Number of protein chains: 2
Amino acid sequence: MVVDQHSETEIDRLFQAFSDATRRDIVRRVTVGEYSVSGLAALYAMSFAAVQKHVAVLERASLVTKEKRGREQIVRGNHDGLQKARQLLDEYEAIWRQRVDRIADILAEK
Amino acid sequence: MVVDQHSETEIDRLFQAFSDATRRDIVRRVTVGEYSVSGLAALYAMSFAAVQKHVAVLERASLVTKEKRGREQIVRGNHDGLQKARQLLDEYEAIWRQRVDRIADILAEK
DNA sequence: ATATCCTACAACCAAATGGTTGTAGATCAG
DNA sequence: CTGATCTACAACCATTTGGTTGTAGGATAT
């Protein structure tokens, strides 16, 4: 495998971030509206610190942004990460379509 | 969070499977053509057993299928997992679009 | 001024992950 | 038949992950 190390670990982080139900829920929530970290923490049956870590994972994956406002940290959705993930999966879908086309061509030759 | 446990852990597995560069490479390869597990193992700087585990992770995520042929196990791409992942991300994209529409409506009211 | 709220971060823990080596059973080739 | 190949799986190991509690500091409200 000779792949760009930087972007590959970025993609690792992106899908890793999506692979947890709590984090996916956070992403949905903060895309619709604003939440402070403690506001999010109130929603789940886990400690504030645990939610804080989830938000940190999402931020590193560009799925969420944080902005300090007074004593609160406001969490909002970040479209960048989602767009990158979707683009990635579109590439895999394109490989499937090429394969289907290739098989169709072979059948047509007969 | 009151979510369907079964499908949620399925999604966990799906994105978890995508969060590793070797596994993503395997998915691309076996979508284009057929590979035995040892055929795949020859491509990477890791043991046969490690690749075997990666394939197992992909199989559980419905990103790949295995079929025994003689003494070999043939690995092929499985479109189901990819489709599910793409559908999921499309739902997140839809949330974004709703948000954009909502903001546009508010602006239009003024 | 002081108590409360929100956040950051360290230290710790159990379980999962990604890798290894080794063993054993099928299947194939000569 | 024998040896080589392919796979499955167990046992082990280091690191990461997802959670906890505790401490400390900055911002807010009374």
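The analysis underlying the following values was restricted to heavy atoms, covering all of them including side chains, and did not include hydrogens, waters or symmetry mates. In what follows, chains are A, B, ... by sequence order, proteins preceding strands, each numbered from 1. These figures come from a predicted structure and were not determined experimentally.
- Rounding to the nearest 0.5 angstrom, the gap separating the CD atom in B/Gln98 from the CZ atom in B/Arg102 is 8.5 Å.
- Within the structure, every side-chain polar atom (N or O) of A/Arg71 is placed at least 4.0 Å from both OP1 and OP2 of D/dA29.
- Between the P atom of D/dC6 and the CD1 atom of B/Ile74 lies a distance of 11 Å, rounded to the nearest Å.
- Atom C1' of nucleotide D/dT17 and atom CZ of B/Phe15 are separated by 19 Å, given to the nearest angstrom.
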Can A/Asp90 and A/Arg86 be said to form a salt bridge (Lys or Arg N to Asp or Glu O under 4.0 Å), step by step? CA-CA 6 Å; A/Asp90 282 351; A/Arg86 277 168 39 89; 5.5 Å; no
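- An OP1 or OP2 oxygen of C/dG18 is reached within less than 4.0 angstrom by no side-chain nitrogen or oxygen of B/Thr22.
- Salt-bridge formation is not detected for the pair B/Glu91/A/Arg28: no Lys NZ or Arg NE/NH1/NH2 atom is positioned less than 4.0 Å from an Asp or Glu carboxylate oxygen.
- Note on B/Lys84 versus B/Asp80: no salt bridge recorded, every NZ/NE/NH1/NH2 to OD/OE distance being 4.0 Å or above.
- At D/dC9, none of the side-chain N or O atoms of B/Gln52 fall inside 4.0 Å of OP1 or OP2 (strictly under the cut-off).
- Both A/Ala49 and A/Asp20 lie near DNA chain D, and the one whose nearest nucleotide falls closer to the 5' end is A/Asp20.
- In the set D/dT20, D/dT7, C/dT7, the nucleotide with an atom closest to the side chain of B/Phe48 is D/dT7.
- In this structure, A/Arg60 places its CZ atom 12 Å from P of D/dG18, rounding to the nearest Å.
- Contacts of A/Arg69 with the nucleic acid, taken as non-hydrogen atoms under 4.0 Å apart, are absent.
- Residue-level contact check: B/Lys53 touches the bases, meaning some heavy atom is under 4.0 Å from a base atom.
- In this structure, the CD atom of A/Glu59 is 13 Å from the P atom of C/dT7, given to the nearest Å.
- Under the 30°/60° scheme for interplanar angles, the aromatic rings of B/Tyr92 and A/Phe18 are found to stand perpendicular.
- Listed pair A/Lys66 / C/dA8 meets the phosphate criterion, a side-chain N or O lying under 4.0 Å from OP1 or OP2.
- Residue B/Arg23 has its side chain nearest to C/dG18 when only D/dG18, C/dG18, D/dT7 are considered.
- The phosphate of D/dT17 has neither OP1 nor OP2 within less than 4.0 Å of any side-chain N or O from A/His54.
- The residue A/Ser47 sits close to a base: some heavy atom pair falls under 4.0 Å.
- Note: CD (B/Glu72) to C1' (C/dA29) measures 13 Å, nearest angstrom.
- Regarding contacts with the backbone of C/dA8, a side-chain N or O of A/Gln73 is found under 4.0 angstrom from either OP1 or OP2.
- For the pair B/Arg13 CZ and C/dA16 P, the interatomic distance rounds to 13 Å; values are reported in whole Å.
- Per the geometry, CD belonging to B/Glu34 stands 16 Å off C1' belonging to D/dC6, to the nearest Å.
- Between A/Ser38 and B/Ala45, the residue whose closest nucleotide on DNA chain C is further toward the 5' end is A/Ser38.
- When each of A/Gln16 and A/Gly39 is assigned the nucleotide of DNA chain C bearing its nearest heavy atom, the one mapping closer to the 5' terminus is A/Gly39.
- Between A/Tyr44 atom OH and D/dT20 atom P there is a gap of 14 Å when expressed in whole angstrom units.
- Other residues, nucleotides and ligands contribute at most 12 non-hydrogen atoms within 6.0 Å of the CZ atom of B/Arg60.
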